[in-house]
Amino acid sequence: MYNKGIASLPLGNCHVENWADSGVADNNSQQTDDTSTDIDIDTDDKHQSNGGNAHSNNQTKFRAEDHKTLRRLAQNREAARKSRLRKKAYVQQLESSRVKLMQLEQELQRGMFIANPGDQGHSSVGNGALAFDMEYTHWVDEHQRMLNDLRSALNSQMGDNELHLLVDGVMSHHNELFRLKSIGAKTDVFHMLYGLWKTPVERFFIWHGAFRSSEILKIVKNHLEPLTENQLMGICSLQQSTQQAEDALSHGMEALKQSLLETLSSTPSVSGTGSGNVSDYMGQMAFAMNKLASLEDFLHKADLLKQETLQQLQRILTTRQTARALLVRNDYISRLRALSSLWLARPRE
C-alpha cells in the first residue's frame, strides 16, 4: 500500500530527479561552505599561530635582553661596592699607619733620651727633654689661639691701637719659647739643637733649633706687597746681616766638629798595655767634653739672633704689616707640618 501510494503520486521523473538533485546540490553547497569555513579557520589559526610564535619569540628576546641588562647592573653595583670597600680600607690603612708612625716616632725619641731607670744622670736628661716637649705642645696650642685672634682682628679692620696689643702679645709669646729652649738646653742641648720635638719635615729645614731667620725674611717679604722703598731696603739689609751672622755661627759649628774629630782621633783607644793609655784617654774625653759644653753657647747665640731679627722686622714694618708677617710665618710652618703628616701617612708597598 505504501509503495503504491508513492507510485501513484502525480510526480514526474523530472520532478523527482530535480528534488533529488536539489537535495544533493544543497548537500554539496553545505559541504562546500563547510570546506570554505574550514579553510578560513585553518588560515586564521595559522596566522594566529604564526603571530603567537613571533610574539613569543619577541618576549623571549626581550626577556634575554632584560636579563643581560639586569646582570650588567648587578655587576656594576657589585664593582662599585667593592670599590667603596677598597677605598674605605685604604683610608683606614692610611690613618692606622699615620698613628703607628707617630707612636713609633715618639717611642724612638723617648728611647734616645730616657736610659735605664738606675742611671740617674741619663734619666734627668730624658725627663728634661720630655718636660720641654710637653711645654712646647702647650705653647703651640696657645700660639695658634693668639694667631687666630690676630687673623680675626685683621679681617675685622680693628684699630691700630688694639691690633698693636695683639701683635705685642704674639711677640712676647715668641720670647717665651726662647726662654723654654734655654732651660731645655741645660738638660739636653742636642734635643734643642736639632729640633727633635718638631715634625720630620720641619727638622729637614732646622738650623740651630729653629728655622733660619734669613729664609723667613725672604718668605715674608714676598707676601707684604706693597712695601715702601725704605721698608724694602731695610728688610734687604736685615736679611743680609742676618745671613752673615748665621754663616758665622755655621762656620763656628763646623770648626767645633772638626776640632772634636781631631781630638777623639789623636790618641789610640784604651788597651790593656798600661795605665798611661788610660790617663791619656781620660784626658782626651775631658777635653772633648769641654768642647761640647760650647754647644749651649752656640744655641743661645742662634736663638738670640732669631729674637733680634724678629724685633728689628717689627721696627721696619707697620703694625698691620707686622701682623701679616707673623701670620705668613705661621702659615709656612703649618704647611711644613701638614706635609710631614702626609709623608708619614703615605702608603707603603
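Model, not experiment: these values are computed from the prediction. Along the sequence shown, residues carry numbers from 1. The figures that follow rest on heavy atoms only: side chains count, while hydrogens, waters and symmetry mates do not.
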Item to complete: Using a 4.5 Å cut-off on heavy atoms from C-beta on, say whether the side chain of E254 contacts that of H251.
Response: no
Let me check something: any side-chain donor-acceptor pairs from residues 323-332 under 3.5 Å, sequence neighbours excluded? List them with distances.
unit_1	atom_1	unit_2	atom_2	d
R324	NH2	H223	O	3.0
D331	OD1	R151	NH2	3.1

Worksheet item: Under 3.5 Å, side chain of T318 to main-chain N/O of Q321, donor-acceptor pair present?
Response: yes
Fill in: side-chain contact (heavy atoms from CB on, under 4.5 Å) partners for T137, two or more places apart
D141
Worksheet item: Would I333 end up clustered with L310 when hydrophobic side chains under 4.5 Å apart are linked, directly or stepwise?
Response: no
Worksheet item: Which residues satisfy the side-chain contact (heavy atoms from CB on, under 4.5 Å) test with K291, sequence neighbours excluded?
Response: L256, S259, L260, T263, F287
Worksheet item: Residues two or more places apart in sequence or in another chain: which of them pass side-chain contact (heavy atoms from CB on, under 4.5 Å) with E215?
Response: R212, K218
Fill in: Residues in side-chain contact (heavy atoms from CB on, under 4.5 Å) contact with A210, at least two apart in sequence or another chain
K181, K306
Worksheet entry | side chain to side chain donor-acceptor pair (under 3.5 Å) assessment of T199 paired with E202 | CA-CA 5 Å; T199 61; E202 286 181 285; 2.8 Å; yes
Discussion item. Within the supplied structure, the quantity of interest is the number of heavy atoms (other residues, nucleotides, ligands) at a distance under 6.0 Å from E229 CD; does it exceed 12?
Written reply: no
Practice prompt. Look at the side chain of S265 and the backbone N and O of L261, then say whether any donor-acceptor pair between them is shorter than 3.5 Å.
Written response: yes
Fill in: Verdict with supporting geometry, E176 and R179, side-chain contact (heavy atoms from CB on, under 4.5 Å)
CA-CA 5 Å; E176 174 65 15; R179 187 187 69 82; 2.6 Å; yes
Fill in: hydrophobic_cluster_shared for F204 and L336, side chain cutoff 4.5 Å
yes
Worksheet item: Between C236 and K221, what is the shortest heavy-atom contact and its length?
Response: SG-NZ, 4.0 Å
Fill in: Closest contact, heavy atoms only, L249 versus W207
CD1-CH2, 3.7 Å
Discussion item. Donor-acceptor check, side chain of Q284 to backbone of L264, threshold 3.5 angstrom: yes or no?
Written reply: yes
Practice prompt. Can you establish whether the number of heavy atoms outside M285 located under 6.0 Å from its atom CE is more than 12?
Written response: yes
Worksheet entry | In one Ile/Leu/Val/Met/Phe/Trp/Tyr side-chain cluster, 4.5 Å: L299, Y136 | yes
Fill in: Derivation of the side chain to side chain donor-acceptor pair (under 3.5 Å) call for Q307 and D303
CA-CA 6 Å; Q307 191 174 8; D303 281 348; over 6 Å; no
Fill in: ring pair (Phe, Tyr, Trp, His ring centres under 6.0 Å): pairs with one or both residues in residues 141-171, sequence neighbours excluded
W139-H143, H143-H173, H143-H174
Discussion item. Applying side-chain contact (heavy atoms from CB on, under 4.5 Å) to T322 and L313, what does each step give before you reach the verdict?
Written reply: CA-CA 8 Å; T322 303; L313 180 64; over 6 Å; no
Response to the item:
In terms of heavy-atom contacts, H191 and W197 come closest through O-CZ3, 3.2 Å
Practice prompt. Heavy atoms only: give me the nearest S214-E246 pair and the separation to one decimal.
Written response: OG-OE1, 2.6 Å
Fill in: Heavy-atom donor-acceptor pair, S237 side chain to G234 backbone, under 3.5 Å
no
Worksheet item: What are the two closest heavy atoms between V167 and L150, and how far apart are they?
Response: CG2-CD1, 4.0 Å
Fill in: For the student: nearest non-hydrogen atoms of D188 and A129, plus distance
OD2-CB, 4.3 Å
Worksheet item: Honestly curious: do L163 and M171 fall in one hydrophobic cluster under the side-chain, below-4.5 Å linking rule?
Response: yes
Worksheet item: Do the side chain of Q231 and the main chain of T228 share a donor and acceptor less than 3.5 angstrom apart?
Response: yes
Worksheet item: Is the backbone of D168 close enough, under 3.5 Å, to the side chain of S172 for a donor and an acceptor to pair up by distance?
Response: yes
Worksheet item: Between N230 and I316, is a side-chain contact (heavy atoms from CB on, under 4.5 Å) present by the stated rule, with each step listed?
Response: CA-CA 9 Å; N230 289 336; I316 295 172; over 6 Å; no
Discussion item. Check for me, please, whether L339 and W343 land in the same ILVMFWY cluster - side-chain distances under 4.5 Å, paths through other members count.
Written reply: no
